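Inspection log for the structure reproduced underneath, given as structure tokens.
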2 protein chains.
Amino acid sequence: MTQPEQVVEPTGTGDEQQGRPGRKRDHSRDPEILEAALDILAECGYDGMTVDMVAARAKAGKATLYRRWPSKAHLVIDAVACMKRAQHQAPPPDTGTLRGDLVAMIRPPGIADGQRKMQVMGGLVSLLAREPELVEAVDEAITEPRVRQNRIVLERARDRGEIRADADLELVAHIGPAMASYRTLVQRRQVDREFLVRIIDEVVLPALGVPPGDPTG
Amino acid sequence: MTQPEQVVEPTGTGDEQQGRPGRKRDHSRDPEILEAALDILAECGYDGMTVDMVAARAKAGKATLYRRWPSKAHLVIDAVACMKRAQHQAPPPDTGTLRGDLVAMIRPPGIADGQRKMQVMGGLVSLLAREPELVEAVDEAITEPRVRQNRIVLERARDRGEIRADADLELVAHIGPAMASYRTLVQRRQVDREFLVRIIDEVVLPALGVPPGDPTG
DNA sequence: CAGTTCCGAAAATGAACAGTTCCGGAATCA
DNA sequence: TGATTCCGGAACTGTTCATTTTCGGAACTG
């Protein structure tokens with residue numbers, strides 16, 4: 001567990017399908033295994049997860065996992081990295097108003113996705129305490145993608161003159177993830193559409209100086 | 001670990017000091033042990049904590065812990081409950097303005113205290129995933145005390161007519177804890193006075209309709 | 001002082017689990 | 001078909017840790 005180091009080989013590059021004559025190692029099962037690892041991680045946390053659980057969930061042998069990853073820690077790190085790669089790099093919506101953009105970012109798949117990401121984050125919290133060098137990788141995979149999108153729509157709104165020019169956008173871009181992680185990890189309540197809209201209308205927009213009875217969006 | 005159930009006997013009721021002739025069990029060492037447990041919990045998390053660590057930190061024998069608590073889980077639950085009892089029930093400040101109250105609630109001891117409480121929370125996150133019935137107890141011990149104080153000053157401000165009458169105070173009262181837990185657990189950054197003041201001025205007060213260039217406070 | 005009680009230290013016990021190794025079968029190769 | 005490779009399943013090894021016991025000594029009792 002000491003310094004698992006970043007696993008280098010990327011996964012799911014898209015050029016494999018099944019048993020290929022390659023002489024190296026067959027990575028065709030990686031996606032299922034990494035998904036299984038994320039599932040277990042979200043359910044049980046890093047310490048509660050066992051390699052047997054992951055193997056069973058992926059219908060693979062434990063030996064298969066160890067043929068591919070040198071340790072449980074490496075597997076988890078790769079799974080988190082995979083999460084980042086899987087990020088749909090879709091640009092944020094551009095509806096013309098900030099509220100429109102923010103609300104449009106709430107889509108059913110995004111909610112379920114975000115819920116799981118938060119639970120994975122919860123499963124990693126105790127690990128992060130022991131391995132601070134993982135903080136950046138986890139942040140990059142889980143919260144940054146969302147924050148980046150928030151930044152984009154916020155900056156656009158600022159450039160349009162829709163919001164206070166001196167607002168602390170960096171702080172505001174983190175409000176959503178912060179409230180969502182708090183609700184998921186601490187309060188253990190559902191993050192649903194109603195909650196997210198309330199955050200937008202009651203916290204984010206007011207922080208930007210947008211009047212409550214929104215004329216736009 | 002299954003259903004540890006609430007430990008009943010309260011600790012540190014104040015009527016013991018050292019080796020008393022009592023016929024039952026001597027609880028005089030409880031406070032040191034529970035504090036040690038909280039320290040380790042904050043540092044290592046529930047799964048990373050071992051009973052030996054707690055015993056060593058408290059300069060007690062492991063057997064002593066097992067004479068007093070039936071299991072590691074019971075010890076931790078009692079430690080969390082103890083945290084709640086230790087809450088200084090000091091009423092929130094009443095400076096006459098909302099901002100004054102909120103800023104006055106930031107005191108050096110309170111910051112360090114809050115930091116540790118958040119780290120204890122982090123150490124419990126993975127446990128909460130496995131034992132949902134603990135969520136309420138943990139919440140009650142860690143976040144509720146702060147939220148309750150927030151509620152009081154917010155309601156006072158509303159009654160003074162200082163803020164929007166229709167603001168969602170329940171939501172706003174959770175902004176501080178949410179941002180603090182996010183910063184501590186996810187971002188692993190310091191929660192310092194500057195950060196807390198920024199939350200108040202950039203997020204909380206705007207959400208309540210208080211103009212940015214605060215005339216009060 | 002002899003008896004009693006409690007405690008800390010340390011050794012013992014047993015289960016869970018990371019990491020290894022083996023094995024038989026299926027798919028691929030030649 | 002026979003050789004080769006990979007895989008899943010299962011048994012094995014070594015370590016860590018919760019929990020239990022044991023033991024010798026300190027403090028208190030009478």
Side-chain angles (χ1 to χ4, degrees), chain A residues 1-5 7 16-34 36-37 40-41 43-79 123 126-127 130-131, chain B residues 1-4 7 16-33 36-37 40-41 43-79 123 126-127 130-131:
Chain A
M1 182 174 303
T2 47
Q3 295 193 145
E5 300 178 10
V7 175
E16 81 289 57
Q17 201 50 36
Q18 66 251 100
R20 193 182 23 158
R23 74 216 53 214
K24 282 291 187 184
R25 178 70 63 183
D26 180 14
H27 290 179
S28 60
R29 294 294 310 284
D30 280 17
E32 290 95 314
I33 295 171
L34 293 172
I40 305 288
L41 199 53
E43 274 175 42
C44 313
Y46 180 80
D47 297 294
M49 155 181 358
T50 74
V51 176
D52 290 275
M53 285 183 203
V54 177
R57 173 86 53 126
K59 293 187 205 309
K62 185 161 54 159
T64 302
L65 305 208
Y66 279 100
R67 282 181 201 116
R68 174 69 180 77
W69 293 276
S71 76
K72 173 180 167 180
H74 284 79
L75 167 63
V76 167
I77 291 171
D78 209 19
S126 65
L127 184 61
R130 280 170 277 170
E131 310 282 346
Chain B
M1 185 178 301
T2 49
Q3 294 192 150
V7 176
E16 80 288 58
Q17 200 51 37
Q18 64 249 102
R20 194 183 20 159
R23 74 217 52 214
K24 282 291 187 184
R25 178 72 61 184
D26 180 14
H27 290 180
S28 59
R29 295 293 310 283
D30 281 16
E32 289 95 314
I33 294 171
I40 305 288
L41 199 52
E43 275 175 41
C44 312
Y46 180 80
D47 297 293
M49 155 185 354
T50 73
V51 177
D52 291 272
M53 287 183 200
V54 177
R57 173 85 53 123
K59 295 189 204 307
K62 189 161 46 162
T64 302
L65 305 207
Y66 280 99
R67 282 182 200 113
R68 174 67 181 79
W69 293 277
S71 75
K72 172 180 168 179
H74 284 81
L75 167 62
V76 167
I77 291 170
D78 209 19
S126 64
L127 185 61
R130 279 169 279 170
E131 310 281 345

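Note that this is a predicted model, so its numbers are computed, not measured. So that the names make sense, note that chain A is the first sequence line, chain B the second, and so on, each numbered from 1.
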Which atoms form the tightest heavy-atom contact between [X] and [Y], and what is the distance?
X       : Y       : value
B:Val54 : B:Ile33 : CG1-O, 3.9 Å
A:Asp78 : A:Trp69 : OD2-NE1, 2.9 Å
B:Met49 : B:Cys44 : N-CB, 4.0 Å

How many Å lie between [atom1] on [X] and [atom2] on [N], as a whole number?
X       : N      : atom1 : atom2 : answer
A:Asp47 : D:dT15 : CG    : P     : 21 Å
B:Asp52 : D:dT20 : CG    : C1'   : 13 Å
A:Met53 : C:dC17 : CE    : P     : 6 Å
B:Arg57 : C:dG8  : CZ    : P     : 17 Å
B:Leu75 : D:dC17 : CG    : C1'   : 15 Å
B:Lys59 : C:dA10 : NZ    : P     : 14 Å
A:Ile33 : D:dC7  : CD1   : P     : 9 Å
B:Arg68 : C:dG8  : CZ    : P     : 14 Å

Just checking [X]: base, sugar-phosphate only, or nothing, at a heavy-atom cut-off of under 4.0 Å?
X       : answer
B:Lys62 : base
B:Ala55 : nothing
B:Met49 : sugar-phosphate

Base-pairing mate for D:dG30 - Watson-Crick or G-U, with both contacts under 3.5 Å: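 Here D:dG30 is engaged in a pair, and the nucleotide opposite it is C:dC1.
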Mate of C:dT13 where both pairing distances stay under 3.5 Å, Watson-Crick or G-U: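 D:dA18 - that is the nucleotide pairing with C:dT13, both distances being under 3.5 Å.
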Taking the nucleotide of DNA chain C with the closest heavy atom to each, which residue, A:Ala63 or A:Tyr66, is nearer the 5' end?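 Its nearest nucleotide being more 5', the pick is A:Tyr66.
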Do the side-chain N or O atoms of B:Thr50 get closer than 4.0 angstrom to the phosphate oxygens (OP1, OP2) of D:dC17?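 The answer is no; no side-chain N or O of B:Thr50 sits under 4.0 Å from OP1 or OP2.
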On the nucleotide C:dG8, are OP1 or OP2 found under 4.0 Å from the side-chain N or O atoms that B:Arg29 carries?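 So the side chain of B:Arg29 is within the cut-off, an N or O lying under 4.0 Å from OP1 or OP2 of C:dG8.
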Side chain to side chain donor-acceptor pair (under 3.5 Å) between B:Ser126 and A:Asp47, worked out: CA-CA 8 Å; B:Ser126 64; A:Asp47 297 294; 5.1 Å; no
Residue A:Ala60, side-chain heavy atoms: nucleotide from D:dG8, C:dG19, C:dA12 that is nearest: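 Among the listed nucleotides, the one closest to the side chain of A:Ala60 is D:dG8.
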From B:Ile77 CD1 over to B:Leu127 CG, what is the distance, rounded to the nearest 0.5 angstrom?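 One gets 7.5 Å once the value is rounded to the nearest 0.5 Å.
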